[in-house]
Structure formats: C-alpha cells, structure tokens
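Chain identifiers are assigned alphabetically (A, B, ...) following the order of the sequence lines, protein sequences preceding nucleic acid strands; residue numbering begins at 1 within each chain.
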Protein chains: 2
Amino acid sequence: MQLNKKVKVEQGAEQKIIAAARRIFQRKGMAGARMEEIAAEAGINKALLHYYFRSKEKLFQVIMMEAKGQMLGRLHPILGSDAPLFEKIELFVESYISFVTENPFLPGFILHEINRHPEKLVNEISSGAKRPNLSKFFQQVETEIKKKNIIAIQPEQLFMNMLSMCVFPFVGRPMLQTVLNVTDKKFNQLLADRKKEIPVFIINSIKR
Amino acid sequence: MQLNKKVKVEQGAEQKIIAAARRIFQRKGMAGARMEEIAAEAGINKALLHYYFRSKEKLFQVIMMEAKGQMLGRLHPILGSDAPLFEKIELFVESYISFVTENPFLPGFILHEINRHPEKLVNEISSGAKRPNLSKFFQQVETEIKKKNIIAIQPEQLFMNMLSMCVFPFVGRPMLQTVLNVTDKKFNQLLADRKKEIPVFIINSIKR
DNA sequence: GTCTATAATGAGATAGAC
DNA sequence: GTCTATCTCATTATAGAC
C-alpha cells in the first residue's frame, strides 16, 4: 500500500498553484497580478485556477493569510520568551533577518496591500495566529532601565528601531542598492552582516 | 493688466489632475489606480485626463518621476554638506522625517513600483535629479573612525540604519500600529518624537 | 477645454469536451 | 482533473458635440 506516492517531489496541482500565486502576488500585489500569469508560472491552465480556488480574490486571501501569519507569528515566540534582554535582541534580529532573506518580497507585499485597504483593519491578523504580544518584552525593557542597566528609552521606540533595521533593507533594497551603488553580491553580504551588526548597534546604543 | 489671475487658489485643470493622480497613485499604485477615480478626485471628467496626458502610463510617469526626485533629491544636499558628522545626522533625520510625515505614502509607492518592474533599473533616477552621492558622508565616517571619535562601522551599514529608522515606521505604519496596539494620536506622537530620538540612538551607538 | 457617448481591449470567470 | 473556447464585465481610450 503506497499512499502519497507522488507527494514529495512532484507536488499536486493545488500546491503548484499556491507556490506560483505566492511568487506572483508577493511581487506584483493583488491588483498587479494576472491569473494568466499565475497559471503559466504554475505550468497549468487558467481555468484550473478557478477549479481549485473559485476566484482571484479567494486565491489571494489564501496567500495573504499565510503571509500575515508568517510575519507576525515570529514575533511572540521570541519576544515573549524568557531570554534576557540583550540575548533576546540578538535572537530576534538573527531570526527575522534569516526569515526575510528567504522571503524578501513578503514585507513589501503585506504593507502595500494593507495600504490599499485602509478600511479592513489589520486586526483580523491571519485570523488564527495569536495576536502578537509585546508586553513581556516591554516589561523587560522597563526593568532594565530601572536597574540602570540600559539608558531610558521608550520600549515602543526601541522595537520600531529594531524592526526597521531588520526589515527595511529588504523592502527598500532597489533604492538602497542604487544609492549605495553596490553589486548584488556586495549588497547580499551587507545584509548577511547585519545579523551581527544590528544587535551590536542596538546594544551599544542602549547599554550603560 | 492682471495676468495669472486665477493661478493662486484655483489651480488649472492640469495641476488639479496632477495633485489627484499623486494621491491616488501613491496610495494604490499603478495597477490599483483607476483613471475614473483620478478624474473624480480632480473634480473633472475622465476624458480630460487623456486630453492632458495621453495615457494612464504617461500620467503615471509624471508622478513617478516627481516621486523619485523628491525621495532621492534630499539625500545629496544634506549628506554632501560640510556639516560635522553628528550634526549632519541630526539634520538628515530631522529633514527626512519631516518630509515623509508630509508624504507618508511616497516611500511605499516607489518601493512597490520598483519591485513590479525588476527589468527597468532604477538608474534612470528621475532622469534629471543629480545622482545621489554619498561619498562625502562616507569619507566623514571613515575619518571619524580613524580619529577614534566613533567606533568602527561600515558607512553603508550606518546609512542603512539611519534611513531604515526614518522611513520604515511610515511604510510599515499599519503593521506597527497594530502590533504596538496604540491609537493614531499616540502613534503620531511616537513618530514626531523620533526626530529627536533617532539621532540620540545613533550617536549613542557609534560615539566612543 | 470640457463634456457625453461609445468603441476597443484586457482580464476574470464559466461552459463543456475529453 | 485538465483543457480550449467563450462569455461578461470593468477599464482604458477615442470620437465628436458644444
């Protein structure tokens, strides 16, 4: 009895569609993506898209839900952990940059789509992923300030700085690379270096 | 002889169109924008758009060129000036945040559109604005490192950190505001505070 | 210059054969 | 399940009156 014979290497049509839709939607957004293009990318026919996912909107929802879950799902496990503050910062930066390196279009995609629909609040966060909770991290920051281990800083500002430095270089890559006038290779190296550089930069800034 | 009688308050159709196109394109992107919508926003007729600008593509080019010029044009005058490094950082952050506060959708717009067209290199930078030149700034950083006034840091990393912290909170506002769970008012306050907070954060980090 | 009406095209969705 | 052919509608673009 050999079940799932072709599941591994040669994925089913549904999975091929999702993979293709992910690539196209993330690069071009809902409005810019074409069902035709997604079908081609998946190596199948346009009609088949509608067979598996009734409409473009439905297919988009699948991709968007997955995306939000990935972006926000990483926050809580790390920031809510019991690791000491400096270690936590290192873990967070390392983890987030690794993730975005694998999914460079994901942040820009989410942000663009949210801007397009100011009405739909972001609150339906992946309608399943637990709402990110930063309170643990914030408390930790406050505690370290009281203990005079770090300088006074609003935890919100610290978090913004951290996330900004991790994510923006990916979202803004084309602009940055042009302005810095560096090759792909060199830019990739800069990005990789940031896993170590950002924690140092942050900790230098806040420690007493 | 009163020339330009109505130029001030009541702008001509062409200017009304550009202003409307700016708002719509920046929020929804090329693919998401509708000529109908731009016409309505400008308080005129759809056909008139085509009278002034032959096509949607042409109108888009106008807006995009302006946008790139604004984003990149601010770099050189500040970073290329003769101000001392720390002062320059303060000036840059102050100026860039002020500008993005006035044009919150501009960075996301440019970044999204560049992603949609990986083919067209960004090199045609506003086809008129002088190519941003960071060499002065970079030299200054190197000098201060040699003089042991600041710690060793790659100038590129410093610049990325600076720009990231200034721009990302605007691009990622919806996400950040959800995660931080704060009101519009509070978030605006955080953004305003950053004009002072970021320079302190950066200088704390790099100064010896 | 500005409008209304309409043509032309692009793209999502469905029908029906295999 | 998968395809080809087709329908339908939204949207860009033009024609032509005023």
Quiz item: Do B:Phe60 and B:Phe25 have ring centres separated by under 6.0 Å?
Solution: yes
Self-check item: Side chains of B:Leu72 and A:Thr178 in contact at under 4.5 Å (non-hydrogen atoms)
Solution: no
Practice problem: Would you kindly give the CG-to-P distance between A:Leu48 and D:dT2, to the nearest whole Å? | Solution: 5 Å
Self-check item: Salt bridge flag under 4.0 Å for residues B:Arg116 and B:Glu113
Solution: yes
Self-check item: For atom CG of B:Leu49 and atom P of C:dG1, their distance in whole Å
Solution: 15 Å
Quiz item: Base, backbone or nothing for each nucleotide of nucleotides 4-18 of chain D, written B, S, -, heavy atoms under 4.0 angstrom, 5' to 3'?
Solution: B------SBBBB---
Practice problem: Look at the side-chain N and O atoms of B:Tyr52 and state whether any lies under 4.0 Å from the OP1 or OP2 oxygen of C:dT2. | Solution: yes
Quiz prompt | Check: A:Ala83 main-chain N/O paired with A:Gln140 side-chain donor or acceptor under 3.5 Å | solution = yes
Exercise. Using atom OH of A:Tyr51 as one end and atom P of C:dA15 as the other, report the distance to the nearest whole Å.
Key: 15 Å
Quiz prompt | Aromatic ring proximity A:Phe109/A:Phe105, centre distance under 6.0 Å | solution = no
Quiz item: Checking B:Lys136 side chain against B:Leu79 main chain: does a donor-acceptor pair fall under 3.5 Å?
Solution: no
Quiz item: Whole Å only: how far is the CZ atom of A:Phe53 from the P atom of C:dG12?
Solution: 16 Å
